[in-house]
Amino acid sequence: MAISEELFERACRVIPGGVNSPVRAFRRLDRAPFFVAKAAGAHLTDEDGRQYIDYVGTWGPAILGHAPECVISAVQAAVPQGLGYGIPTRIEVDMAETICRWIPSIEKVRMTNSGTEATMSAVRLARGYTGRKYIIKFAGCYHGHVDSLLVAAGSGALTHGEPDSAGVPAEFANLTIVLPYNDRAAVERAFAQHPGEIAGIIVEPFPGNAGFFLPKPGYLEFLREITEKNGALLIFDEVMTGFRISAAGVQGKIGITPDITTLGKIIGGGLPVGAFGGRREIMDCVSPLGPVYQAGTLSGNPVAMAAGLAQLNYLEQHDSYTRLEQLGARLEEGVRRILRDENLPLTFMRDGSMFCLHFTEQDVYDLDTAMSGNFDMFRRYFHAMLEQGVYVAPSPYETGFISTAHTEADIDATVAAMQYALRVANNQ
Ligand SMILES: *Cc1c(COP(=O)(O)O)cnc(C)c1O
């Protein structure tokens, strides 16, 4: 038996499902996950010594690839000074200043330990600031495993068929209004039905947790206008897209100013970090200045700050977004050529270094269309890719991520693997 399989058997005895986050389980794929022994750049090596070109990238954080030199040396420099004190440190100020400089809608920012903590706190803040109770979210958007946001959620919840979690009482879920993405009339109706009661809208500006799809032209501008008109806050959940789609996330790319932004993933350089920030007068409602309580024993941890800041500084100094766009364009060109040559009318979506091959012919613009794909075809594709040494997310409802550590040769090898895998997937 392979070492990964042995480890998975051991894991299943002592960890629910053998994994510490459900997206890592390959349950619907009829095999055990592989266990990673080490990683460098764009490549993973599993416990059995097999190598993979990686397009999961730690589910987003590894934008420079794995174990980038700049992050490793920043961590090595920070560690001997102590692992955390629960007292303010200089590097927290450096981090906050960097975020505020990169993302102008953020005038003040509070660090957390995960994206989930960031969205949870942002929703509480929106409610505390407005004194209103309802939150609008969109079906298929994932905002972490926060009670009130685990309604029609994406990511692992979607893959494993549990978009609504047990343990979230209807009384909580009732305060969350779930609407289809890209549907303006639905948002207008919700505001008409609950005048003066909607605290805000939380949205993944480019949704990446039900596959990857994009807002229709003018849709995000519409969300900005309708929230403003109704005294509600617009929360951009950029945990995935922040520092990824551009230095200033989706908001920087399309020029929209949300009231609150949530961040995570890339900001930690591979260590557990999140953040939420926004307009000064809103953030000043957060404890200890204001009445919205929010805290964290390990928040702003100096080692995590060092890792994250090193990654952000590197991104800024190396014109990384131009490089990521080049690699993304190369992959897209290859994929579109295959789809043409193999006469496969599948939908491919990409923006910069985020991409998704949807196993459907339909336009994908919301949860229903994202779910219209052929899962069995995906399953055959996934196994064939793995066999060829390419690791794409073990679910069709996830985004692929390219890093600056990927090379042209990696991309070309991936395209060749995809051609083979798509033939296999299609011929059954
Ligand atoms: C990953 C993600 C989260 C949750 O972040 P965690 O660090 O996993 O808690 C929230 N929102 C979005 C958009 C995400 O992609």
Side-chain angles (χ1 to χ4, degrees), residues 19-25 55-63 103 110-126 135-160 163 165 176 181 200-215 220 223 234-245 249-251 258 260-277 294 296 298-299 301 304 307-308 311 351-356 367 370 393 395 397-401:
V19 290
N20 279 312
S21 191
V23 293
R24 299 173 201 171
Y55 290 95
V56 177
T58 326
W59 303 93
I63 193 165
I103 307 178
R110 171 68 60 84
M111 304 309 295
T112 64
N113 302 293
S114 69
T116 295
E117 280 182 53
T119 57
M120 175 184 75
S121 305
V123 165
R124 183 183 306 138
L125 175 58
I135 292 287
I136 292 177
K137 85 173 278 287
F138 299 100
C141 285
Y142 178 68
H143 305 293
H145 59 104
V146 180
D147 275 351
S148 61
L149 300 175
L150 261 188
V151 190
S155 191
L158 195 58
T159 308
H160 301 296
S165 175
T176 306
Y181 195 86
I201 295 180
I202 185 164
V203 62
E204 282 185 77
F206 286 3
N209 283 289
F212 179 60
F213 54 88
L214 295 168
L220 295 174
L223 295 182
L234 181 62
I235 305 169
F236 268 14
D237 181 355
E238 299 228 46
V239 169
M240 184 182 281
T241 53
F243 317 109
R244 167 67 70 177
I245 288 298
V250 174
Q251 58 190 278
I260 301 176
T261 299
T262 55
L263 298 167
K265 298 195 169 123
I266 289 173
I267 204 177
L271 292 183
V273 181
F276 65 105
Q294 196 281 335
L298 299 179
S299 296
N301 174 271
Q311 177 147 280
D351 193 288
S353 57
M354 292 174 73
F355 67 90
C356 181
L367 179 61
S395 162
Y397 315 123
E398 299 286 358
T399 296
F401 299 102

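As the structure lists them, so they are numbered: ligands from 1, and atoms in each ligand from 1. For the single chain, residues carry numbers from 1 onward in sequence order. Model, not experiment: these values are computed from the prediction.
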Asks: Would you give the length of the straight line joining atom CG of Asp351 to atom CD1 of Ile245, rounded to the nearest 0.5 angstrom?
Replies: 4.0 Å

Asks: Quick one: list whatever passes side-chain contact (heavy atoms from CB on, under 4.5 Å) with Ser395, sequence neighbours left out.
Replies: Thr159, Tyr397, Glu398

Asks: Mark yes or no for whether Gln311, through its side chain, and Pro61, through its backbone, hold a donor-acceptor pair below 3.5 Å.
Replies: yes

Asks: Can you measure from CE (Met354) to CE (Met240) and round to the nearest 0.5 angstrom?
Replies: 5.5 Å

Asks: Looking only at the side chains, is there a donor atom on one of Arg124 and Gln294 sitting less than 3.5 Å from an acceptor on the other?
Replies: no

Asks: Do the side chain of Glu238 and the main chain of Val250 share a donor and acceptor less than 3.5 angstrom apart?
Replies: yes

Asks: How would you list, by chain and number, the residues with a heavy atom under 4.0 angstrom from ligand 1?
Replies: Ser114, Gly115, Thr116, Tyr142, His143, Gly144, Glu204, Asn209, Asp237, Val239, Met240, Lys265

